[in-house]
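Below: one structure, written as structure tokens.
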Amino acid sequence: MDDSDVLIVGGGVVGSTLALLLGEANWRVTIVDAAPAPEEIDTLGQGKPALRVSALTAASRRLLTTLDVWPWLASRRVAAYRGMQVWDAEGSGEIRFDAEDVGVESLGHIVENDLLLAALAQRLQALPNVEWLQEVRLTGYVRESGIDDSESHESKAHEPQSHEPKHPAAGRAVITLDNGEQRRAPLIVGADGANSPLRGMAGIPVHERDTGQAAMVTSVRTAVGHGGIARQAFLSTGPLAFLPLTIDGRDDHCSIVWSTTPGEARRLTALGETDEGRAQLGIELAQGLGGRLGDVEVIDAAPHFPITQRHAQRYVDEGLALVGDAAHSLHPLAGQGVNLGLMDAAVLAEEWIRARQRGAPPEDRRILVRYERRRRGENAAMLAAMQGFQQLFGSRQPALRLARNWGLSGVDRLMPVKRLLIRQALGEYGDLPERCR
């Protein structure tokens, strides 16, 4: 007997959102999560901000609103930004975007990841048909026909899997966990991150590109308020982003994402380990931003992580789908990673729920392929754009430097083009699922 309708491996933002979408539609959902339970809600949203944040688009906010997640977040701590400024620190090119240009109140919101996870967990805990297994890891995965339940499957976990199309309703996923437990379901989802164990066990190849950069993250207090503006300067070694935060009603905090060379990232992280080093890091951050927010005080550690772009060669297999970073991971310079993942979750849930409503088996490969078709093209386009931006702004060639400065300033004067770019920043493009429109 199946334990649930779907097994979701990974309980991060994307996996939890998919679980909530399906759970609200009365699906039996099991989340398998290697992470511990989210922090107690009462301890979140107070004091200094979390190191990891997400820039949520209007489309993502609409999705979270329909799930009754956004109101709780908004009552805690989110920061709306009404404008964006992007410039070349080695030239004069600059482009500015303003929410007023397209008649909206904001271009997006900066949300602390811990708060978003807590809000999703709170909603999931209210659904009796959602089971959340925490601090357990996937050690085996195989498809079985369901004819012989006595067969041992753990030994087959790493055997090559056949990817030939089968009967639409054939087979079910059988997973083995590190506590020895096995779970079964007709459907399984990999929402387990960029190094997805499930993707590897399913034998799905991935195209991987090392960007040659690492991202340092930290939190700062600035002498000049950010005024609800997200700022990004393209330096010779990579982009430096100051993302606006609102702490206790004040606009003097920012979350930092500084993409640079791995060696430089290690140096910046080391600076964050001492009071003297953090003072020096603050000076370098202020200089990197051209002094636009005055003096900068670093108020947290400064860890870094490598930036590798990945794209799975396919998103689906028999009864299996990949979402979020398990399907694609990209450079953080546009802040779109979590938004692409949320759109994956919303589209997959939409296709599966519609299939069940019309009496079709959700595990039918044609339904899974429809999900892949709706999402793969848009994700691939974003990955290509991030690669192009990195190469353009990372070039030292005088001709390219001149072209990018001219291009930024030129686009800044073309309001129709700016409006199109703003709509993309809002997430209002492509084949949006219903709950995001």
Side-chain angles (χ1 to χ4, degrees), residues 12-13 48-57 60 78-79 81 83-89 97 107-116 194 210-222 226 228-247 252-272 278 281-282 284-290 292-293 296-309 325 329-341 382-383 385-387 389-390 393-394 425:
V13 170
K48 66 183 179 182
L51 279 173
R52 301 300 294 270
V53 303
S54 295
L56 297 181
T57 64
S60 293
V78 300
Y81 56 96
M84 293 189 291
Q85 296 175 3
V86 180
W87 67 93
D88 188 343
F97 301 103
L107 298 179
H109 291 78
I110 306 298
V111 177
E112 295 163 55
N113 288 5
D114 290 350
L115 279 171
L116 179 52
D210 184 356
T211 65
Q213 291 190 326
M216 182 278 291
V217 297
T218 192
S219 300
V220 302
R221 184 181 294 112
T222 57
H226 54 64
I229 307 295
R231 294 169 172 86
Q232 184 161 254
F234 281 92
L235 310 178
S236 60
T237 56
L240 167 61
F242 274 61
L243 306 176
L245 298 172
T246 301
I247 307 296
D252 59 351
H253 284 71
C254 288
S255 179
I256 303 297
V257 183
W258 193 343
S259 303
T260 184
T261 64
E264 181 67 0
R266 287 192 293 271
R267 185 186 71 83
L268 297 172
T269 292
L271 288 176
R278 283 192 288 273
L281 179 55
E284 295 186 25
L285 285 166
Q287 291 173 343
L289 202 68
R292 297 193 183 202
L293 294 180
V296 173
E297 177 190 359
V298 177
I299 61 173
D300 212 330
H304 69 275
F305 55 90
I307 303 173
T308 301
Q309 290 206 162
D325 285 352
S329 56
L330 69 163
H331 199 292
L333 69 89
Q336 288 299 309
V338 71
N339 295 295
L340 296 181
M382 184 62 72
L383 282 160
M386 293 307 96
Q387 183 176 347
F389 270 117
Q390 187 196 358
F393 284 93

Item checked: Pair I256-L285, side-chain contact (heavy atoms from CB on, under 4.5 Å): steps then yes or no -> CA-CA 9 Å; I256 303 297; L285 285 166; 3.8 Å; yes
Check: In Å, rounded to the nearest 0.5 Å, how long is the span from CG of L240 to OG1 of T260?
Finding: 9.5 Å
Note to self: Nearest 0.5 Å, please: how far is CD1 in I299 from CZ in R278?
What the structure shows: 10.5 Å
Item checked: Heavy-atom pair of closest approach, residues S259 and P332 -> OG-CG, 4.0 Å
Check: To the nearest 0.5 Å, what is the distance between CE (M382) and CG (N339)?
Finding: 8.5 Å
Next item on the list: Could you walk me through whether Q85 and Q232 pass the side-chain contact (heavy atoms from CB on, under 4.5 Å) test, one step at a time?
Entry: CA-CA 6 Å; Q85 296 175 3; Q232 184 161 254; over 6 Å; no
Item checked: Any V220 side-chain heavy atom under 4.5 Å of F242 side chain -> yes
Next item on the list: Look at R267 together with E284 and state whether they make a salt bridge at an N to O cut-off of under 4.0 Å.
Entry: yes
Item checked: Heavy-atom closest pair, residues C254 and L293 -> SG-CD1, 4.1 Å
Margin query: Set out, in order, the CA-CA distance, both residues' side-chain angles and the distance that settles side-chain contact (heavy atoms from CB on, under 4.5 Å) for V78 and T246, then state yes or no.
Written below: CA-CA 7 Å; V78 300; T246 301; over 6 Å; no
Check: Which heavy atom in H226 sits nearest to a heavy atom in L245, and how many Å separate them?
Finding: NE2-O, 2.7 Å
Check: Which heavy atom of A301 sits nearest a heavy atom of L51, and at what distance?
Finding: O-CD2, 3.7 Å
Checklist line | Point-to-point distance, once rounded to the nearest 0.5 Å, from CE of M216 to CG of L268 | finding: 5.0 Å
Next item on the list: Looking only at non-hydrogen atoms, find the nearest pair between E112 and P49 and report the distance.
Entry: OE1-CA, 3.6 Å
Next item on the list: Give a yes or no answer on whether the side chain of N113 reaches the backbone of S54 with a donor-acceptor pair at less than 3.5 Å.
Entry: yes
Check: Are T269 and H304 close enough that a side-chain donor and a side-chain acceptor fall under 3.5 Å?
Finding: yes
Next item on the list: Quick one: pull up CZ in F97 and OH in Y81 and give me the separation to the nearest 0.5 Å.
Entry: 11.5 Å
Check: Would you say R231's side chain and I229's backbone share a donor-acceptor pair under 3.5 angstrom?
Finding: yes
Check: Of the non-hydrogen atoms in P244 and A79, which two are nearest, and what is the gap between them?
Finding: O-CB, 3.3 Å
Margin query: Within this structure, what is the CZ-OG1 distance for the pair R292 and T222, rounded to the nearest 0.5 Å?
Written below: 14.0 Å
Margin query: Quick check against the 3.5 Å criterion: does Q213 have a side-chain atom that pairs as donor or acceptor with the backbone of T237?
Written below: yes
